[in-house]
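Quick caveat: nothing in here was measured; it's all calculated off a predicted structure. Scope of the values below: all heavy atoms of this structure, side chains included, with no hydrogens, waters or symmetry mates.
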Amino acid sequence: MAYLDVAATTRVEPRVADVVLHWMTEDFGNAGSRTHEYGTRAKKGVQDARSFLAASVGAKTEELIFTSGATESNNIALLGLAAHGEKTGRRHIITSAIEHKAVIEPLLHLREKGFEVEFLEPGSSGRVTKEAVLGKVRDDTLLVSLMHVNNETGVIQPVAELARELRETSTFLHVDAAQGYGKLPEDLKSPIDLISISGHKIGAPKGVGALVARRRGWNKVPLEPIMFGGGQERKLRPGTLPVPHIMGFYEAAKIFEESRSRWEREARGMRERMLTALRKTRFHINGDAEHSVPHILNVTFDGLNAEALIVRLKEQVAIATGSACTSASYTPSHVLMAMGLPEAIASNGLRFSWFPGQVADFVPEEFVETVVHMQPPVAD
């Protein structure tokens, strides 16, 4: 079966799996153990990983803490700023209606605690403009939280431009970079205050990520811990560090950096093949194709139920809808609905996402033949 759902997760690279196994079975020490070589080697490995990953987004080594992934990083960033907001009277937060639930749900929690949260809608392009965000910034705006790349449409948000504008204000910028990390490195080297990263989108194991908290001069982002016990990771993320996963993340990031130009070239080639094949069908691209990453494509086929198509092709290709499934029914994608798309389109968006080198067994033309067969004829 061809796997076209890398926006959900990627296969662990073989080199990465070897590294993880090594740190599980040979250099298996606890990075917090200071009395023997096993602990010393683990600590050194973690520090090397921290330095590399921080540098990959233009941050200092001490500005990166390890987490279990972007969801935890988002929670630390958003909930960790709450005390500062309450203390300073800055309770206004700006975000978008197309964020991942790992951002939306912590912000809804803050709203219940008395914060004012504004959810901006991007329009049919799926791209929130810099001007729309800046137009909402007030003296009491604590935070802007805007994702780097939308996980359903692949649309790139203007986070680098916002970072440069907000750096001169007292408003912090948080970016959920789960989908963009590694792919658009220059964006993340802009002066973003808080960056959430997840390893399993670039070939690392699930369960490891990072939060970058970039200083403004000598001033740290005033985060308070939301968990306690042990004091690891600058007291922001307690618990024994998962050294094998961290080292796997480190290896995956190195591999991705080495092969980024090839990745982009091959990802664009696959996109062109897909779009050429799809011309035989009646379809709509959901989101601004001019501001999208090359490896994610969201489309709706006229008159075709997305779930029916997935069921028809379940033995051939792994793809995803943007809909949230309940036990009784499928609901429209909150991302596509926030873009103002009709419910018939928002309910039937299909997301294709690929990793070059891992889709050689997928033939777009064969997929298209199935679509053409299932699509109803154009009414006279």
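- Listed by first and then second residue, the side-chain hydrogen bond (donor to acceptor under 3.5 Å, both in side chains) pairs involving residues 17-33 are H22-D27, D27-R41 (not counting sequence neighbours).
- Under the rule for a side-chain hydrogen bond (donor to acceptor under 3.5 Å, both in side chains), the partners of R216 that lie at least two apart in sequence or sit in another chain are D193.
- When each of D5, T153, T321 is paired with R351, the side chain to side chain donor-acceptor pair (under 3.5 Å) condition holds for D5 and for no other.
- With a 6.0 Å radius and a threshold of 12 heavy atoms from other residues, nucleotides or ligands, E290 has its CD atom at or below the threshold.
- Cluster membership for V175 and F119, using ILVMFWY side-chain heavy atoms within less than 4.5 angstrom, is not shared.
- The CE atom of M274 sits 5.5 Å away from atom CG of L297, with the distance rounded to the nearest 0.5 Å.
- Residues that satisfy the ring-ring contact (aromatic ring centres under 6.0 Å, His included) test with H295, not counting sequence neighbours, are W263.
- Judged by distance alone, the side chains of H148 and D187 do bring a donor and an acceptor atom under 3.5 Å apart.
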Would you mind writing out the side-chain donor-acceptor pairs for residues 366-374 within the sub-3.5 Å range, not counting sequence neighbours?
none

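- Residues M147 and L194 fall into different hydrophobic clusters, defined by Ile, Leu, Val, Met, Phe, Trp and Tyr side chains chained together at heavy-atom separations under 4.5 Å.
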Please tabulate, for the side chains in residues 120-137, all donor-acceptor contacts under 3.5 angstrom to protein atoms that are two or more places apart in sequence or on a different chain.
residue : atom : partner : partner atom : Å
S125    : OG   : R127    : N            : 3.1
R127    : NE   : I156    : O            : 2.7
T129    : OG1  : A132    : N            : 3.0

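- In summary, K254 and E251 engage in a salt bridge, as defined by a charged side-chain N under 4.0 Å from a carboxylate O.
- Summarising the local packing, CZ of R215 is surrounded by more than 12 heavy atoms from other residues, nucleotides or ligands at distances under 6.0 Å.
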Got a list of side-chain donor-acceptor pairs under 3.5 Å for residues 52-61, not counting sequence neighbours?
residue : atom : partner : partner atom : Å
S56     : OG   : L53     : O            : 2.6
S56     : OG   : Y181    : OH           : 2.7
T61     : OG1  : S51     : OG           : 3.1

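- For the residue pair T141 / T171, no side-chain donor-acceptor distance below 3.5 Å is found, with atom types taken as modelled.
- One finds a salt bridge joining E264 and R268 here, because a Lys/Arg side-chain nitrogen approaches an Asp/Glu carboxylate oxygen to under 4.0 Å.
- Note that the CD1 atom of I345 and the CE atom of M339 stand 9.5 Å from one another [nearest 0.5 Å].
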